[in-house]
Amino acid sequence: MDFSVQPWGFTLTSLNDFYKEINQSYEMQCLYHDIKRDTGYFADLINFRTLLHPFFVEPSINNERLRAQSGFFLFEPYDGTSCSLENIHDDIDNKVSLYNGHNEPIRLVIPGEKKQQILNELNQSLEINQATLFPDKENVASYIKNNF
């Protein structure tokens, strides 16, 4: 394996040394302590290379909205300096899109005139509606006001 200097200016060996130095820093030790307090067990080593690629995160279910939505979050790493929102959207789209046999992204387009029909079907068939997805008082009240 060639460990020569990469286009970004450092070698894999120096990158590993850098990660090791970060993992042993006071700030990281504080982070590990907090994570262990919340989760119980956590190995004292974050592999920062895994943070270079997007991945899904299952959140702690600590409120009604997260529980109701049963969802995940997408962690997408960016340095925050060189990416516009459009570039971020395009990058995520490229990494998580499904493609057809012609290597074209598969798109699901819902015509605006079908929106209410689909919302009604979701509500009637699966009980998915504003009140079940957003179970706070304001959304439940709004759902009741608009539907009864």
Side-chain angles (χ1 to χ4, degrees), residues 6-10 12 15-148:
Q6 302 297 317
W8 48 83
F10 45 81
L12 292 178
L15 187 60
N16 284 334
D17 291 343
F18 180 66
Y19 289 154
K20 184 176 179 181
E21 182 179 331
I22 290 173
N23 269 308
Q24 293 173 348
S25 71
Y26 172 77
E27 293 81 6
M28 288 304 295
Q29 293 305 310
C30 291
L31 175 63
Y32 294 142
H33 174 76
D34 289 344
I35 292 171
K36 286 179 188 177
R37 185 184 62 224
D38 292 343
T39 64
Y41 172 77
F42 185 80
D44 285 358
L45 181 64
I46 292 177
N47 182 350
F48 292 94
R49 282 174 292 228
T50 62
L51 300 177
L52 298 175
H53 304 286
F55 58 90
F56 290 98
V57 177
E58 184 174 11
S60 300
I61 307 298
N62 57 6
N63 70 48
E64 287 299 315
R65 184 171 175 173
L66 288 175
R67 188 175 295 110
Q69 293 179 6
S70 302
F72 288 81
F73 293 101
L74 177 65
F75 174 82
E76 181 68 27
Y78 290 100
D79 63 9
T81 59
S82 61
C83 294
S84 69
L85 287 177
E86 185 177 338
N87 289 345
I88 292 171
H89 178 269
D90 291 344
D91 188 47
I92 292 171
D93 197 35
N94 289 334
K95 291 176 180 172
V96 298
S97 290
L98 298 175
Y99 293 88
N100 64 19
H102 303 289
N103 204 26
E104 300 164 331
I106 298 171
R107 300 279 185 246
L108 176 61
V109 178
I110 299 172
E113 65 271 8
K114 296 289 187 179
K115 179 180 176 181
Q116 195 56 52
Q117 176 188 345
I118 292 169
L119 290 173
N120 290 339
E121 289 177 18
L122 286 169
N123 188 23
Q124 292 169 358
S125 302
L126 303 170
E127 294 184 15
I128 297 174
N129 57 54
Q130 179 182 4
T132 59
L133 287 175
F134 309 102
D136 56 88
K137 294 175 189 173
E138 292 82 15
N139 279 293
V140 172
S142 176
Y143 172 76
I144 292 170
K145 177 183 146 199
N146 293 331
N147 292 284
F148 298 102

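Computation of the quantities below employed the complete heavy-atom set of this structure, encompassing side-chain atoms and omitting hydrogens, waters and symmetry-equivalent molecules. The model shown is predicted, which means the values in this text are computed figures rather than measured ones.
To the nearest 0.5 Å, the span separating CE on M28 from CD on E21 amounts to 12.5 Å. Remark: N146 CG to Q130 CD distance equals 6.5 Å, nearest 0.5 Å. From C30, atom SG reaches atom CD1 of I35 across 11.5 Å, with rounding to the nearest 0.5 Å. Between atom CD of residue Q124 and atom CG of residue L119 there is a gap of 11.0 Å, rounded to the nearest 0.5 Å. For the atom pair L122 CG and T132 OG1, the distance stands at 9.5 Å (nearest 0.5 Å).
Heavy-atom contacts from other residues, nucleotides or ligands closer than 6.0 Å to OH of Y99 number more than 12.
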Acceptor/donor pairs from residues 104-113 side chains to any protein atom, 3.5 angstrom cut, sequence neighbours excluded:
unit_1: E104; atom_1: OE1; unit_2: N100; atom_2: ND2; d: 3.1
unit_1: R107; atom_1: NH1; unit_2: D93; atom_2: OD1; d: 3.4
unit_1: R107; atom_1: NH2; unit_2: D93; atom_2: OD2; d: 2.8

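The list of salt bridge (Lys or Arg N to Asp or Glu O under 4.0 Å) pairs with a residue in residues 114-137, not counting sequence neighbours, is empty.
The two residues L133 and A68 make their nearest non-hydrogen contact at O-CB, 4.1 Å. Nearest heavy-atom pair, Q29 versus Q24, reported as atom, atom and distance to 0.1 Å: NE2-CA, 3.9 Å. Annotation for N139 and F134: closest pair CB-O, 3.0 Å, computed over non-hydrogen atoms.
Using a distance-only test at 3.5 Å, with no hydrogens or angles considered, a donor-acceptor pair links the side chain of N120 to the main chain of Q116.
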